[in-house]
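One structure is given here, and the rest of the page talks about it.
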Amino acid sequence: MVDPKDSALRVRPGRAAPGPPQDLIARVSNRRRSLSRQQYVDGILQGQRTILARAITLIESSRATDRQLAEQILEDCLPHTGNSIRVGITGVPGAGKSSIIEVLGSSLIRDPGQRVAVLAIDPSSQLSGGSILGDKTRMKSLAASEMAFIRPSPSGGSLGGVAQRTREVMLLCEAAGYQNIIVETVGVGQSETAVHDMVDFFLLIMLAGAGDELQGMKRGVMELADLVVINKADGSNRVAAEKARTEAQNALHYFPSSQAGWTPRALTCSARTGTGIPELWNCVLSYIALTKANGYFGLARRNQMKQWMHEIIQNGLRRQFESHPAIQKRLEVLEQDVVQGRTTSFRAARALLDIYTAPLPADPNSRH
Ligand code: GDP
């Protein structure tokens with residue numbers, strides 16, 4: 001008989017099974033734990049990136065309770081906003097926006113304490129559900145820095161809705177201590193105007209040799225620009241870039257001088273070699289210094305706050321309208337009536353507005 005001690009079948013004491021990784025559990029539950037309004041605000045003001053990112057998720061949420069909390073957080077953060085330089089950047093895909101932001105942003109954060117936030121308004125996410133600006137591989141080294149915060153465009157909804165959310169994200173970033181805010185957009189559609197209306201300085205990036213039409217160099221976009229930069233002025237492209245710069249400078253002269261007292265400039269640069277990028281930023285700083293001295297800086301920002309109010313009203317009304325139960329019931333039917341020619345757009349819209357503004361039927365359960 002084999003001594004049970006020597007049997008291969010005996011149960012060995014073994015080692016205690018490792019418990020669940022405690023730190024992971026703590027991190028996950030921490031992430032899920034909902035934070036109070038005060039915790040959000042404290043976290044943002046301390047510059048905590050995870051809390052900032054969570055607050056931005058609230059801003060971008062379509063849930064009414066999230067929206068309400070987001071508004072409260074914004075309200076508390078507002079006194080800590082405004083202390084930044086806000087720069088809008090536009091240009092067609094391939095013009096070199098992200099390359100320039102990468103070089104510019106990296107040089108800005110080399111100064112101790114300087115932080116950069118890069119936000120985007122991408123109208124393509126509304127048109128196609130895809131995204132031109134959303135690619136995560138862009139601005140790799142900037143994205144790796146603790147001093148930079150890169151957030152892709154909020155997706156979905158109207159351009160007005162996306163613009164409102166981006167404006168709000170910008171304010172939270174300022175409260176979190178980002179002194180340099182870059183808002184990027186693709187040069188298509190109305191998004192340039194939306195970006196222009198939330199920044200201090202608007203930069204148009206162009207290329208030499210590409211057709212004006214292709215570059216969105218429509219009068220409207222050029223007119224918004226405080227600076228036009230011809231990028232890729234390197235190698236054999238340098239001469240063509242200089243020629244394009246002169247042409248752009250000449251074109252800028254045709255626009256009426258802006259209220260800012262600033263004459264828009266045209267420069268060349270190369271994100272590849274870094275040439276011209278310090279001059280670009282010096283141009284931004286000169287503009288800020290000039291407009292702060294002549295009062296335009298504050299005036300423009302106050303007007304932008306007024307515009308934000310109108311955006312909140314418009315988007316709020318739209319949300320209320322679209323979530324109104326009686327509207328939801330009728331909207332699709334009336335849309336079809338219009339499409340099939342059974343009614344006119346005008347009559348259908350009027351009927352919906354009447355439903356929306358009609359007083360609610362008295363609640364039979366309520367006692368008078
Ligand atoms: P975006 O779509 O406007 O953000 O453009 P990207 O920054 O992604 O640049 C588009 C392409 O142009 C990339 O392949 C870049 O490497 C290239 N590029 C960007 N800047 C320069 C530059 O200054 N010189 C040259 N030669 N190529 C550049």
Side-chain angles (χ1 to χ4, degrees), residues 87-109 116-128 130-145 148-153 155 162 166 180-189 191-192 194-196 199 201-218 221-222 224-245 248 265-284:
V87 176
I89 296 190
T90 192
V92 290
K97 294 180 294 301
S98 48
S99 306
I100 289 180
I101 295 170
E102 168 97 322
V103 178
L104 176 63
S106 304
S107 89
L108 288 174
I109 58 176
V116 175
V118 182
L119 315 176
I121 291 190
D122 184 350
S124 61
S125 61
Q126 284 139 250
L127 298 176
S128 62
S131 154
I132 298 177
L133 292 174
D135 182 359
K136 287 211 176 69
T137 61
R138 305 163 83 244
M139 304 172 224
K140 256 196 206 138
S141 70
L142 194 58
S145 166
F149 184 83
I150 300 182
R151 186 83 185 184
S153 174
S155 58
V162 170
T166 306
N180 305 283
I181 312 274
I182 297 177
V183 188
E184 179 193 11
T185 192
V186 173
V188 288
S191 60
E192 291 101 339
V195 172
H196 178 263
V199 296
F201 186 93
F202 194 69
L203 166 63
L204 170 63
I205 299 174
M206 295 179 68
L207 295 175
D212 289 354
E213 279 308 310
L214 264 180
Q215 299 202 39
M217 190 188 146
K218 287 152 285 173
V221 180
M222 265 284 270
L224 297 176
D226 299 302
L227 169 66
V228 174
V229 164
I230 315 293
N231 188 34
K232 307 197 187 179
D234 44 45
S236 56
N237 202 29
R238 284 221 308 271
V239 177
E242 182 52 38
K243 187 164 168 269
R245 189 199 71 77
R265 300 185 189 167
L267 297 175
T268 57
C269 80
S270 165
R272 181 158 292 173
T273 65
T275 317
I277 305 286
E279 288 78 1
L280 183 167
W281 191 249
N282 281 337
C283 188
V284 175

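Since we're looking at a predicted model, the values are computed, not measured. For ligands, and for the atoms within them, numbers begin at 1 and follow the listed sequence.
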Val92 to ligand 1, any heavy atom closer than 4.0 Å:
yes
Is the closest side-chain heavy-atom distance between Pro278 and Ser107 below 4.5 Å?
no
For Cys269 and ligand 1, does the shortest N/O to N/O distance drop below 3.5 Å?
no
Show which atoms of ligand 1 fall inside a sub-4.0 Å distance from at least one heavy-atom site of Pro93.
2 (O)
Could you list the atoms of ligand 1 found under 4.0 angstrom from a heavy atom of Ala271?
20 (N), 22 (C), 23 (O)
Do the side chains of Asp226 and Leu203 get nearer than 4.5 Å, heavy atoms only?
no
Tell me the nearest of Ser98, Ser236, Ala95, Gly96 to atom 8 (O) of ligand 1, using heavy-atom distances.
Ser98
Would you mind running through ligand 1 and noting each atom that sits below 4.0 Å from a heavy atom of Ser99?
6 (P), 7 (O), 9 (O), 15 (C), 19 (C), 20 (N)
Any heavy atom of Gly91 sitting closer than 4.0 Å to ligand 1?
no
Side-chain H-bond candidate by donor/acceptor type, Ser153 with Asp122, under 3.5 Å:
no
Is there side-chain contact between Glu102 and Lys97, with heavy atoms separated by less than 4.5 Å?
no
Any side-chain heavy-atom pair of Ile182 and Leu104 under 4.5 Å:
yes
Going by the atom numbers of ligand 1, which of them fall below 4.0 Å from some non-hydrogen atom of Asp234?
22 (C), 23 (O), 24 (N), 25 (C), 26 (N)
Closer than 4.0 Å to some heavy atom of Ser270 - which atoms of ligand 1 meet that?
23 (O)
Within the distance-only criterion (no hydrogens, no angle test), does the side chain of Lys232 pair as donor or acceptor with the backbone N or O of Arg272 below 3.5 angstrom?
no
Show the atoms of ligand 1 that are less than 4.0 angstrom away from any heavy atom in Lys97.
1 (P), 2 (O), 3 (O), 4 (O), 5 (O), 7 (O)
So is Glu184 polar-close to ligand 1, meaning N/O to N/O under 3.5 Å?
no
Side-chain donor-acceptor pair present, Thr185, Glu192, cut-off under 3.5 Å:
no
For Arg238, does the CZ atom have more than 12 heavy-atom neighbours from other residues, nucleotides or ligands under 6.0 Å away?
no
